[in-house]
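Notes follow once the structure below has been shown.
Quick note on labels: first sequence line is chain A, next is B, and so on, each numbered from 1.
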Amino acid sequence: MIKAQLKNTNIFREIFDKLMNHYGMQGWWPLINFNGTNPTKTCSLQGYHPGNYELPENDLQSYEIMLGAILTQNTKWKSAQKALFNLYEITRLEPQNILILREDIMKEAIRCAGFFNQKAEYLKRITEFFLKLEGSTPERKEILRVKGVGEETADSILLYAYKKPEFVVDAYTKRIFHHLGFIKENEKYRVVKKLFESNLPQAVPLFQEYHALLVEHAKRYYTKKPYQDELLTDLIPNL
DNA sequence: AACCAGGACGTGA
DNA sequence: TCACGTCATGGT
């Protein structure tokens, strides 16, 4: 770190640039309710919107991101998205409809996303929370009090649903930066989070793309050991 | 057939 | 605080 600063370079920015050059803009967070068009057609089954940092453009889209953030916990996005579509068909993803949705129907709809018993409850809790907001932006501490929302989910909601500059740390992020020698294995969430936030400008599009790029990169190089990250290890001389 | 996926919660040291 | 078991389906 000190050497990097003396050289007037920022390794965190270098890594971002390399990932961006390699993978391009990711366009997170994926939305189903997009452009007011029929979701089963536009289907944001590909639902990405690279380069559009204005989204979400209404409260309902922020709410959809909350639902997706719960559903994708320790689960592939493809599975979470399928669950989200099932819910859409039943409720149009309107909070009131989710609230009154029968428990067994809810569970059947989201079964494909795994952990459906707890996630069914979590979805109701986050819905109650969303309705109480009445359009206001929540504080991080408040979201963390919602059952089912941990640090990563809270930061995901703040960064992608409310455009707050909170860096999102997930298992992939830790895996990559441990492999590159920046952090110890099982480093605490807030330590890793602060590492990024203290070495990057607090820009929402940067944080959004960075996290998405790390996920995309990790899916290719960090799913099975031994990790062979020929892309980023070039940036780390003594490795 | 084990292992992993865009984690979080509850429990007992 | 911390380490660990638990939750669960779906794909390699």
Side-chain angles (χ1 to χ4, degrees), chain A residues 16 19 23 25-32 44-50 55 64-87 103-127 129 140-161 166-179 183-193 196 207-229:
Chain A
F16 174 80
L19 292 173
Y23 300 109
M25 295 184 290
Q26 300 299 301
W28 278 31
W29 187 280
L31 285 169
I32 289 177
S44 309
L45 267 175
Q46 294 312 326
Y48 299 77
H49 38 79
L55 296 172
E64 180 189 325
I65 293 173
M66 293 185 184
L67 298 181
I70 298 287
L71 288 170
T72 197
Q73 286 170 359
N74 206 41
T75 303
K76 292 180 188 297
W77 174 249
K78 187 176 179 181
S79 298
Q81 188 174 235
K82 190 171 298 179
L84 209 49
F85 264 100
N86 292 341
L87 282 178
E103 186 179 319
D104 54 336
I105 298 182
M106 161 92 76
K107 288 182 178 178
E108 193 52 39
I110 68 173
R111 168 183 294 275
C112 57
F115 305 108
F116 57 88
N117 287 306
Q118 23 184 356
K119 283 179 180 176
E121 182 196 351
Y122 297 167
L123 291 182
K124 300 250 181 183
R125 296 291 177 87
I126 199 66
T127 301
F129 178 75
R140 191 171 190 271
K141 285 174 63 177
E142 297 172 343
I143 312 183
L144 283 171
R145 285 190 219 116
V146 180
K147 188 177 182 184
V149 177
E151 295 200 271
E152 182 189 341
T153 303
D155 286 332
S156 294
I157 290 172
L158 286 168
L159 179 61
Y160 292 104
E166 304 281 351
F167 201 91
V168 178
V169 176
D170 68 340
Y172 284 149
T173 308
K174 291 182 182 178
R175 197 175 299 175
I176 293 174
F177 282 81
H178 172 255
H179 185 252
I183 61 176
K184 63 181 181 182
E185 200 168 18
N186 301 325
E187 183 57 276
K188 304 173 82 60
Y189 184 97
R190 58 172 174 271
V191 174
V192 184
K193 175 181 169 71
F196 284 92
F207 283 12
Q208 289 182 339
E209 293 289 359
Y210 210 144
H211 172 63
L213 284 166
L214 287 175
V215 171
E216 180 59 30
H217 182 60
K219 280 196 283 195
R220 304 198 186 193
Y221 294 95
Y222 288 86
T223 49
K224 59 174 181 289
K225 299 180 184 178
Y227 307 137
Q228 292 185 322
D229 185 350

> In terms of ring plane angle, is the pair A/F196 and A/F177 parallel, tilted or perpendicular, where the classes change at 30° and 60°?
Replying inline: perpendicular
>> Nearest 0.5 Å, please: how far is CD1 in A/I176 from OH in A/Y221?
In response: 11.0 Å
> Counting any heavy atom closer than 4.0 Å, what does A/V169 reach on the DNA or RNA strands: base, sugar-phosphate only, or nothing?
Replying inline: nothing
Got a list of side-chain donor-acceptor pairs under 3.5 Å for residues 142-150 of chain A, not counting sequence neighbours?
unit_1 : atom_1 : unit_2 : atom_2 : d
A/E142 : OE1    : A/E139 : N      : 3.1
A/K147 : NZ     : A/E121 : OE2    : 3.4

>> Any base atoms under 4.0 Å from A/G150, or only sugar-phosphate, or nothing? Heavy atoms, all strands.
In response: sugar-phosphate
>> For chain A and DNA chain C, what are the first and last nucleotides along the strand, 5' to 3', with at least one atom under 4.0 angstrom from a heavy atom of the protein chain?
In response: C/dC2 to C/dG10
>> According to side chain to side chain donor-acceptor pair (under 3.5 Å), who are the partners of A/N74, at least two apart in sequence or on a separate chain?
In response: none
>> Check this for me, if you would: do A/E166 and A/K193 make a salt bridge, where the nitrogen-to-carboxylate-oxygen distance has to be below 4.0 angstrom?
In response: yes
> Looking for any heavy atom pair under 4.0 Å, which part of the strands does A/Q118 touch: base, sugar-phosphate only, or nothing?
Replying inline: base
>> In terms of relative ring orientation, are A/Y160 and A/W28 parallel, tilted or perpendicular, with 30° and 60° separating the classes?
In response: tilted
> Is there a side chain to side chain contact (heavy atoms under 4.5 Å, CB included) between A/K124 and A/M106 once you walk through the steps?
Replying inline: CA-CA 10 Å; A/K124 300 250 181 183; A/M106 161 92 76; 3.7 Å; yes
So which protein nitrogen or oxygen atoms get under 3.5 Å of nucleotides 11-13 of chain B's nitrogens or oxygens?
none

>> Measuring from atom CD of A/Q73 to atom CG of A/D170, what distance do you get when rounded to the nearest 0.5 angstrom?
In response: 12.0 Å
> Mind checking the P distance from C/dG5 to B/dC3? Whole angstroms is fine.
Replying inline: 15 Å
> For the pair made of CZ in A/R175 and C1' in B/dC3, what is the distance, rounded to whole Å?
Replying inline: 11 Å
> Going through the checks in order, is the salt bridge (charged side-chain N to carboxylate O under 4.0 Å, His left out) test met by A/R140 and A/E151?
Replying inline: CA-CA 9 Å; A/R140 191 171 190 271; A/E151 295 200 271; 3.5 Å; yes
> Over how many whole Å does the gap from A/K76 atom NZ to B/dA5 atom P extend?
Replying inline: 7 Å
>> In whole Å, I'd like the distance from the OH atom of A/Y189 to the C1' atom of B/dA8.
In response: 13 Å
> Going by atom types only, do A/D229 and A/H217 share a side-chain donor-acceptor pair under 3.5 Å?
Replying inline: yes
> If you look at every strand shown and take non-hydrogen atoms under 4.0 Å, does A/V149 touch a base, only sugar-phosphate, or nothing?
Replying inline: sugar-phosphate
> In whole Å, what is the span from the NZ atom of A/K147 to the C1' atom of B/dG10?
Replying inline: 9 Å
> To the nearest 0.5 Å, how far apart are OG1 in A/T75 and CD1 in A/I70?
Replying inline: 11.0 Å
> Expressed in angstrom and rounded to an integer, what is the separation of A/I70 atom CD1 from B/dG7 atom C1'?
Replying inline: 10 Å
> Contact class for A/T153 (heavy atom, under 4.0 Å): base, sugar-phosphate, or nothing?
Replying inline: sugar-phosphate
> Aromatic ring centroids of A/Y222 and A/Y172 under 6.0 Å?
Replying inline: no
> How far, in whole Å, is C/dT9 from B/dG10 if one measures between their C1' atoms?
Replying inline: 22 Å
> Nearest-Å distance, OH (A/Y122) to C1' (B/dA8)?
Replying inline: 5 Å
> Atom CG of A/D170 and atom C1' of B/dA5: how far apart are they, to the nearest Å?
Replying inline: 11 Å
> Considering only heavy atoms from C-beta outward, does the side chain of A/N86 approach that of A/I110 to under 4.5 Å?
Replying inline: no
> What integer distance in Å separates A/N186:CG from B/dG7:C1'?
Replying inline: 14 Å
>> Let's see if you get this right: which residues in residues 211-223 of chain A place a heavy atom under 4.0 Å from DNA chain C?
In response: none
> Can you check whether A/S79 reaches A/T72 side chain to side chain, under 4.5 Å on heavy atoms?
Replying inline: no
> Between residues 106-113 of chain A and DNA chain B, which residues have a heavy-atom gap below 4.0 Å?
Replying inline: none
